[in-house]
Amino acid sequence: MLPSAGPDPVRADPVTIMAPEELSGLASRMQRVIAHPTPWLGLGRVDLTPLTVVLVPDVAGFSQWSGGRVPRWGAGLTLPARRLIVIRANAGDPLQTLRHELAHLAFHSTIHVRVPLWFSEGYATLAAGEQGRLNLLQLNLAVALGRVPSLEALNGALRGSVADAGPAYALAGAAVADIAARHPSGSLEPILARLRSGEGFDQALLASTGFGMLDFDAAWRQAMRHRYNLGVWLMAGGAWVLVLSVVLVLAAQRRRRDAPRRAALDIGWRLPEVPDGAVPEDDDCMTTPSSSPHCLDRSGRGC
């Protein structure tokens, strides 16, 4: 039996959105997104109904529905066979997550052959218009230094730690975009059409790009190193990261160097005693470090 997301589902047959009362406003916005379908990248219009969307408030609710299928940091889950999408409200932009999961549903509703995880996630990233994820690559120092993982390693990173996931989704999107760029049409339609017809992924990739899996992996990694090199990283904002890092290091060194001097300046300072409940006449007075405290107000007169 599936857990319950709340007592008041937002129904608009053949779509049902289940959400607790405090998320009813977000549920209504999601309903409007689903009610205005758009053609999907390389697939055209896809009927996604009947569809149930479950909106949960936090990681605890998400874990109940995911059953360990995805990492705890996950924001969305799609079960195509059940026509079910689960969205976590407190993770990122829930509406963007919804578009990503709808892209998964469109893809797996029309393509039934097995594809690598990086291809599935990369397609959803592109189809949902998540350009922000792709832009992360320009500021990713590891990519700028040429440390681009293999596509097999990318599969692991997509289900690894939250720190690895951001660049991994961006890299997956870049890999799928590279497949489109290598076809004379510049489109994903050729490889998607082959996959829709039941052709295996490796054969469809070879026919669409001229590369087998291993050769495409090597060619894509080379292209990534060329496209996102250190110069691009610096121009995209990496220079500011370096400047900030240098400033922070210099500031820390200055604090360590000045620590003995600051400690010496503290010797001999005494605060004037103030009786309980009394308020000093002038809170701008400064007590100098001497055996006979002497106060001066702003005019130079004694306090």
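Basis for what follows: all heavy atoms, side chains included, without hydrogens, waters or symmetry-related copies. By convention here, the first residue in the shown sequence is residue 1.
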Steps toward side chain to side chain contact (heavy atoms under 4.5 Å, CB included) verdict (Leu84, Thr78): CA-CA 6 Å; Leu84 173 68; Thr78 300; over 6 Å; no
CA sep, side-chain torsions, deciding dist, call: Tyr123, Leu126, side chain to side chain contact (heavy atoms under 4.5 Å, CB included): CA-CA 5 Å; Tyr123 173 83; Leu126 292 180; 5.8 Å; no
Derivation and outcome, side chain to side chain contact (heavy atoms under 4.5 Å, CB included), residues Glu189 and Leu192: CA-CA 5 Å; Glu189 290 183 13; Leu192 294 178; 5.7 Å; no
Audit row: Ser109, Arg83, side-chain hydrogen bond (donor to acceptor under 3.5 Å, both in side chains) steps and yes/no: CA-CA 9 Å; Ser109 294; Arg83 317 295 292 182; 3.0 Å; yes
Worked verdict on His183 versus Ile191 for side chain to side chain contact (heavy atoms under 4.5 Å, CB included): CA-CA 9 Å; His183 191 273; Ile191 189 171; over 6 Å; no
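The two atoms that bring Pro20 and Leu55 nearest to each other are CD-O, 3.3 Å, heavy atoms only. Nearest heavy atoms, Val148 versus Arg225: CG2-CG, 4.0 Å. Ile87 approaches Glu101 most closely through the heavy-atom pair CD1-CG, 3.9 Å. Taking every heavy atom of both residues into account, Gln96 and Ala128 meet most closely at NE2-O, 3.0 Å. The two residues Leu51 and Leu48 have their closest heavy-atom pair at CB-O, 3.5 Å. The minimum heavy-atom distance linking Pro37 with Arg45 is given by the pair O-NH1, 3.2 Å.
Asp217 contributes no side-chain N or O that, together with a main-chain N or O of Trp220, makes up a donor-acceptor pair within less than 3.5 Å. A donor-acceptor pair under 3.5 Å links the side-chain atoms of Ser24 to the main chain of Glu21, judged by distance alone. Looking only at distances, a side-chain donor or acceptor of Thr110 sits under 3.5 Å from a matching main-chain atom of Ala106. The backbone N or O of Leu205 lies less than 3.5 Å from no partner atom in the side chain of Ser208, so there is not a single donor-acceptor pair.
Between Met224 and Leu171, the closest side-chain pair of non-hydrogen atoms falls below 4.5 Å. Contact annotation: the side chain of Arg196 approaches that of Leu43 to within less than 4.5 Å [non-hydrogen atoms, C-beta and beyond]. Arg32 places a side-chain heavy atom less than 4.5 Å from the side chain of Ser28. Considering only heavy atoms from C-beta on, Arg88 comes within 4.5 Å of Asn90 through its side chain. A heavy-atom distance below 4.5 Å is not found between the side chains of Val46 and Phe107. A heavy-atom distance below 4.5 Å is not found between the side chains of Leu79 and Ile85. For the pair Arg29 and Val33, the minimum side-chain heavy-atom distance is 4.5 Å or more. With a 4.5 Å cut-off on side-chain heavy atoms, Val15 and Thr49 count as touching.
Between Trp118 and Phe216, the ring planes are parallel. Angles under 30° get that label, and only those over 60° would be called perpendicular. Ring pair His100/His104 is perpendicular by interplanar angle, where above 60° counts as perpendicular and below 30° as parallel. A perpendicular orientation is assigned to the rings of Tyr169 and Trp73, their planes being inclined by more than 60° (bins at 30° and 60°).
Ion pairing between a basic and an acidic side chain is recognised when a charged N comes within 4.0 Å of a carboxylate O; Glu121 and Arg159 show such pairing.
Among pairs with a residue in residues 18-63, none fulfils ring-ring contact (aromatic ring centres under 6.0 Å, His included), at least two apart in sequence or across chains.
Expressed to the nearest 0.5 Å, how far CG of Leu98 lies from CG of Leu105 amounts to 10.5 Å. For the atom pair CZ of Arg221 and OG of Ser150, the computed distance is 5.5 Å after rounding to the nearest 0.5 Å.
The one candidate from Leu206, Val113, Ile111, Val115 that meets the side chain to side chain contact (heavy atoms under 4.5 Å, CB included) condition with Phe201 is Val115.
Under a hydrophobic-cluster definition in which Ile, Leu, Val, Met, Phe, Trp and Tyr are linked whenever side-chain heavy atoms come within less than 4.5 Å, directly or via other members, Val59 and Met18 are assigned to different clusters. Phe119 and Phe211 fall within the same hydrophobic cluster, where Ile, Leu, Val, Met, Phe, Trp and Tyr residues are linked whenever their side-chain heavy atoms come under 4.5 Å apart, directly or through other members. Hydrophobic cluster membership differs between Leu154 and Leu214, with clusters built from Ile, Leu, Val, Met, Phe, Trp and Tyr side chains linked at under 4.5 angstrom.
Within 6.0 Å of the CD atom in Glu152, the count of heavy atoms belonging to other residues, nucleotides or ligands does not exceed 12.
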Sequence neighbours excluded and cut-off under 3.5 Å, please list the side-chain donor-acceptor pairs for residues 173-181, or say none.
from, atom 1, to, atom 2, distance (Å)
Asp178, OD2, Arg182, NE, 2.6
Asp178, OD2, Arg182, NH2, 3.3

